[in-house]
Every structure is written in structure tokens, then in C-alpha cells.
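Right, one structure below, let's go through it.
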There are 2 protein chains.
Amino acid sequence: MPPPIPPSPPLEAAAAPILCTVDVVLLTLNPQLQVALLPRDRAPLAGALALPGGFIHADEDADPRAAAARMLRAKTGLDCPYLEQLATFGGPERDPRGWSISVAHVALVPADLLARGAAGLRWHPVDALPALAFDHAQIVAQAVARVRSKSQYSSLPVHLCGERFTLPQLQAVYEALLGEPLNKVSFRRRMEEMDLLEPIEGERTGGAHRPAQLWRLKDRRPGALTLTDRLLGPAVLAP
Amino acid sequence: MPPPIPPSPPLEAAAAPILCTVDVVLLTLNPQLQVALLPRDRAPLAGALALPGGFIHADEDADPRAAAARMLRAKTGLDCPYLEQLATFGGPERDPRGWSISVAHVALVPADLLARGAAGLRWHPVDALPALAFDHAQIVAQAVARVRSKSQYSSLPVHLCGERFTLPQLQAVYEALLGEPLNKVSFRRRMEEMDLLEPIEGERTGGAHRPAQLWRLKDRRPGALTLTDRLLGPAVLAP
DNA sequence: GCAATAGTGTCTTTGAGACATTATGGC
DNA sequence: GCCATAATGTCTCAAAGACACTATTGC
């Protein structure tokens with residue numbers, strides 16, 4: 001028997017205020033996957049390690065992504081190369097101040113950009129995290145799953161390399177994210193099919209052995225992803 | 001030159017109140033992909049077609065998903081089989097009442113469940129939508145992209161079939177979502193590999209021709225997805 | 001029997017991985 | 001010359017698609 005629909009439920013009545021925040025899972029590869037954490041400087045949970053984040057400011061943020069970018073700039077000094085919305089976490093218990101929402105984002109930064117900015121950041125390998133404030137451990141876990149999953153079928157890992165890189169370097173990044181060695185020939189075939197890299201003429205890396213060709217992204221829009229219809233690695237980890 | 005980090009920005013100061021809502025993109029296949037819309041019964045935009053949704057209630061919702069389920073029950077009478085968070089949309093302009101957030105969800109319902117509930121719902125093919133309120137057209141577009149994308153590598157389409165279905169029916173659902181015919185042999189090989197279906201002993205569909213075996217999901221947890229590490233269709237549509 | 005759909009067997013093609021070979025640097 | 005790494009050529013194997021064939025119903 002279909003449940004009767006109440007005539008006119010007061011769904012749009014104004015509700016109790018909800019705390020609206022944004023958090024950023026900032027990741028780098030150095031040489032393993034690491035996440036940036038900050039000790040909280042005020043209550044609640046002062047001193048506890050937490051993701052960079054804070055309240056959305058209705059008067060200055062154009063959307064959640066802009067709020068995340070502002071947070072990142074303010075708390076880490078980085079102007080973010082790759083920034084993607086992850087998911088929204090919410091509920092009455094996650095923050096002692098009341099029913100709260102956090103629009104979580106993932107940001108990627110090449111390890112060689114870390115010198116600048118990054119003042120009080122504490123980097124922790126994602127596979128050995130200390131206790132985190134609120135539900136931030138869960139958020140980090142989901143972010144890592146997302147990044148690993150997308151590494152299977154997209155160019156996402158290039159955003160963990162600098163602007164210029166060699167194919168062996170890029171393959172090492174994919175392997176670190178996917179957690180297993182990749183076939184060199186297949187990897188190069190796939191990168192060529194994706195058609196997202198261009199060689200930097202004349203440029204090669206030095207070293208004690210045969211120098212490798214340097215490459216850069218063809219499409220210079222920051223944060224752009226190229227997808228492939230075949231998979232590089234194994235196990236799909238996250239939806 | 002790295003931008004200096006301001007000493008102690010007032011990031012956690014209480015901010016202007018933000019409207020927190022949830023919207024649901026409820027989809028069915030009948031025979032094309034259709035979305036459920038409701039004419040708004042109050043200002044703003046009274047009369048305009050919109051997604052079922054409304055404010056989060058801090059006093060009764062355990063999290064955004066619960067809020068979406070409540071909304072769905074109240075506005076459509078359906079207790080949802082498949083419900084997944086999509087993304088969060090927010091900004092100062094999307095709702096005339098002020099800076100607002102909508103945690104958008106995707107819900108799938110088999111066409112044969114539509115008889116019950118579904119009182120004032122208006123179903124529209126997603127490829128020929130009328131004008132929608134707020135930014136709901138964009139939300140629907142993203143939901144459809146997500147559903148089509150997941151159809152490539154997961155069992156998501158089974159949630160658009162009823163509890164019992166034949167393999168030709170299921171293949172037709174995949175084909176409708178992916179927009180192209182699939183190879184019968186490969187499709188069956190893949191379904192067998194995924195190991196998510198079990199035949200219903202003795203049961204077969206009638207009809208003028210050879211009857212087909214009926215199947216059902218092995219894992220009866222509603223909303224559970226099985227993933228595959230190979231792709232069924234072509235073009236990856238959404239990240 | 002015939003028509004129409006369900007289900008399966010098999011061959012061909014394609015793409016991925018393993019391996020070997022060549023190339024280019026420093027010493 | 002030797003070693004180490006980069007880059008590419010080639011072979012093998014496995015999976016996907018095309019196609020044909022069998023199976024089962026109603027008429």
C-alpha cells in the first residue's frame with residue numbers, strides 16, 4: 001500500500017542554523033602520498049590535527065570551490081594547481097558546536113612547490129595517520145580512494161609532477177598511486193593515445209646515464225583532466 | 001615570491017547564515033531516461049519546475065543522505081532503493097533568498113514502482129528538459145553524466161530494473177544508458193565475471209517466443225554496487 | 001512446420017604485457 | 001670499453017566482438 005502523501009508538509013520552513021564549512025585534503029607525493037595537516041589554534045579541539053578548512057563566507061565566496069581556494073591560500077600560502085570537490089559530510093555529531101556541513105575538496109600539489117608557502121603545515125603519509133579532529137580521518141580516506149581511483153583512467157597524476165617531467169618520472173608517480181609496477185611499453189602507448197603531453201624540444205635531463213626526454217602538458221588549463229576509455233591499473237577502488 | 005601568510009586570519013569567525021538544502025535527481029528508465037520534477041508550490045519561483053528537495057532539518061536529519069531520503073519520501077512517497085550523493089552546489093545567486101548550498105543526490109527507481117507514490121510528479125526525458133528553477137538544469141545534467149559514466153564499470157543499471165529481470169532486459173537498460181548497442185556474448189561474460197546475479201530457479205518469462213531465464217541480485221543490500229575492472233561501453237563521460 | 005527470441009560455441013581481431021634490442025649518456 | 005638508464009621493436013597471450021549455430025516457445 002503506497003504511503004499517503006501529507007497534504008502540505010512544511011518542508012521549506014526556515015530551519016535551525018547549520019554550520020557551513022569547507023575542508024581541503026591537500027596531497028603531495030614525496031615520495032609517498034602525504035596529506036597536509038594543521039594543529040587547530042582554537043576551540044573546539046584546540047591543538048588537534050585537522051585539515052585546512054573553515055567557514056564559508058557568504059560575503060566573499062562565489063561558490064564552495066572558491067571558498068576552498070581561499071582557505072588553501074590563507075592557511076598554506078598555495079594557489080592551487082588542482083582542486084576538485086570530493087563530497088559533503090554532515091551531521092549533528094561531527095562538530096561539537098552543532099549540526100554542521102563540510103564540503104570536502106581534494107587538492108594536489110607537486111612536491112617541488114612545497115618549499116614556498118607551507119609554513120606551519122605538517123605532512124603525514126596517508127597510510128600512517130595520527131588521530132585527526134572531527135571526522136577528518138574519514139574525509140582523508142575518501143580523498144585518497146578517489147585519487148587512486150582516478151589514477152586508473154585519467155591524467156590526474158600529472159598534477160603531482162612539476163611542470164616539466166620525464167616519462168619514467170611520470171610512470172613512477174602512477175605506480176606510487178596505484179601501488180604496483182606498470183608495464184613500460186603499455187604505459188607509453190597509453191600516454192600517447194591520451195595525447196596530452198608534448199615533448200620540450202631539445203630539453204633533456206642530465207645524470208650519469210642516458211638523459212630522458214622532458215615533457216609538459218599540452219593543455220595548459222590548470223586542473224584539466226584527460227580521460228581514457230581503458231584502464232591502466234587493476235582494482236577500481238572508489239566509485 | 002611566496003605570498004606572506006597573514007598572522008591569524010579570522011577564518012573561524014561566525015559567518016552570515018547560509019541556506020542548507022538537499023535536492024534529489026530521481027531518475028527512471030521508461031523507456032528513455034527520465035527525471036522527476038515538481039512544480040514549486042510557494043515563493044520563490046512558485047510554479048516553476050524543480051527537483052524534489054528542501055531544507056535540511058537539524059533536528060531530524062542524521063546526515064545529508066538521510067535528509068535526501070526524507071525529502072524523497074515526503075515529496076514522492078518513494079522509499080528509495082538507490083540513493084547516492086552527487087555533489088554540492090552553492091553560491092550567492094542560485095537562490096534569490098541568499099547564499100545557499102544544495103547537497104545534490106541521485107536516486108534511481110525501477111519504472112514498475114512508479115505506479116505507487118509518485119502523486120504529483122512530472123516525468124521529463126532528460127534529453128528534452130523544460131526550463132527548471134534555480135540551477136537545477138545543471139544539477140540534472142551532472143547527475144545524468146554520473147549515471148551514464150557509472151554504467152560503464154558498475155552494476156548501477158540493475159537499480160533501474162525491478163527485483164526480477166532477464167538478461168536481455170538488463171542489457172537493454174545498459175544500452176539505453178550507454179547510448180549504443182552492446183555485444184551480447186561480451187555482456188554476458190561480464191555479468192558472469194561480476195558474479196552479482198543469481199538465476200531464479202524454474203522462473204521464466206512468458207511470451208510468444210522462447211522464454212528467458214529470470215535473475216535477481218545476489219547481494220540484497222539495497223544500493224550496493226559491484227564494480228568491474230574492465231569497461232563495458234565507450235567514452236567516459238564524467239569524472 | 002515457421003517465426004521470433006534466448007542462449008551458446010567458435011573464430012578473428014585487438015590490445016596489453018613480457019622480453020629483447022638499440023640508443024645515449026658518464027666513467 | 002663498460003655500466004646504467006632511456007626508448008623502441010617484436011612476440012605471445014588473453015579478452016572482446018562478430019558471427020553462426022542451437023534451443024525453446026507460440027502459432
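Proteins come first, then strands; the chains are lettered A, B, ... in the order of their sequence lines, and each starts at number 1.
- Summarising the geometry, the separation between CG on Leu170(B) and P on dT5(C) is reported as 19 Å, rounded to the nearest angstrom.
- Side chain of Glu192(B) to backbone of Arg189(B): no donor-acceptor contact under 3.5 angstrom is found.
- Side-chain atoms of Pro64(A) and His105(A), non-hydrogen and from C-beta on, do get closer than 4.5 Å to each other.
- Here dA6(C) presents its C1' atom at 10 Å from CG of Leu167(B), a figure rounded to the nearest Å.
- In this structure, CG of Leu214(B) is placed 14 Å from P of dT25(D), rounded to the nearest angstrom.
- Rounding to whole angstrom units, CD of residue Gln152(B) and C1' of dA16(D) are separated by 16 Å.
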Per-nucleotide protein contact along nucleotides 13-25 of chain C, 5' to 3', at a 4.0 Å heavy-atom cut-off (B base, S sugar-phosphate only, - neither), is --SBBBB---BBB
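- Regarding Leu178(B), its CG atom lies at a distance of 12 Å from the P atom of dG17(D), rounded to whole Å.
- Summarising the geometry, the separation between CD on Glu192(A) and C1' on dA6(D) is reported as 16 Å, rounded to the nearest angstrom.
- Within the structure, every pair that satisfies the salt bridge (charged side-chain N to carboxylate O under 4.0 Å, His left out) test and touches residues 132-144 of chain A, not counting sequence neighbours, is listed here: Arg94(A)-Asp135(A).
- Remark: the Gln138(A) side chain and the Gln142(A) side chain contain no N/O donor-acceptor pair separated by less than 3.5 Å.
- Shown here is Glu198(B), whose CD atom has more than 12 heavy atoms of other residues, nucleotides or ligands within 6.0 Å.
- Side-chain atoms of Gln34(A) come within 3.5 Å of backbone atoms of Asn30(A) as a donor-acceptor pair (strictly under, hydrogens ignored).
- As rounded to whole Å, 12 Å separates atom P of dA16(D) from atom CE of Met191(B).
- Atom pair Gln171(A):CD and dA6(D):P shows a separation of 10 Å (rounding to whole Å applied).
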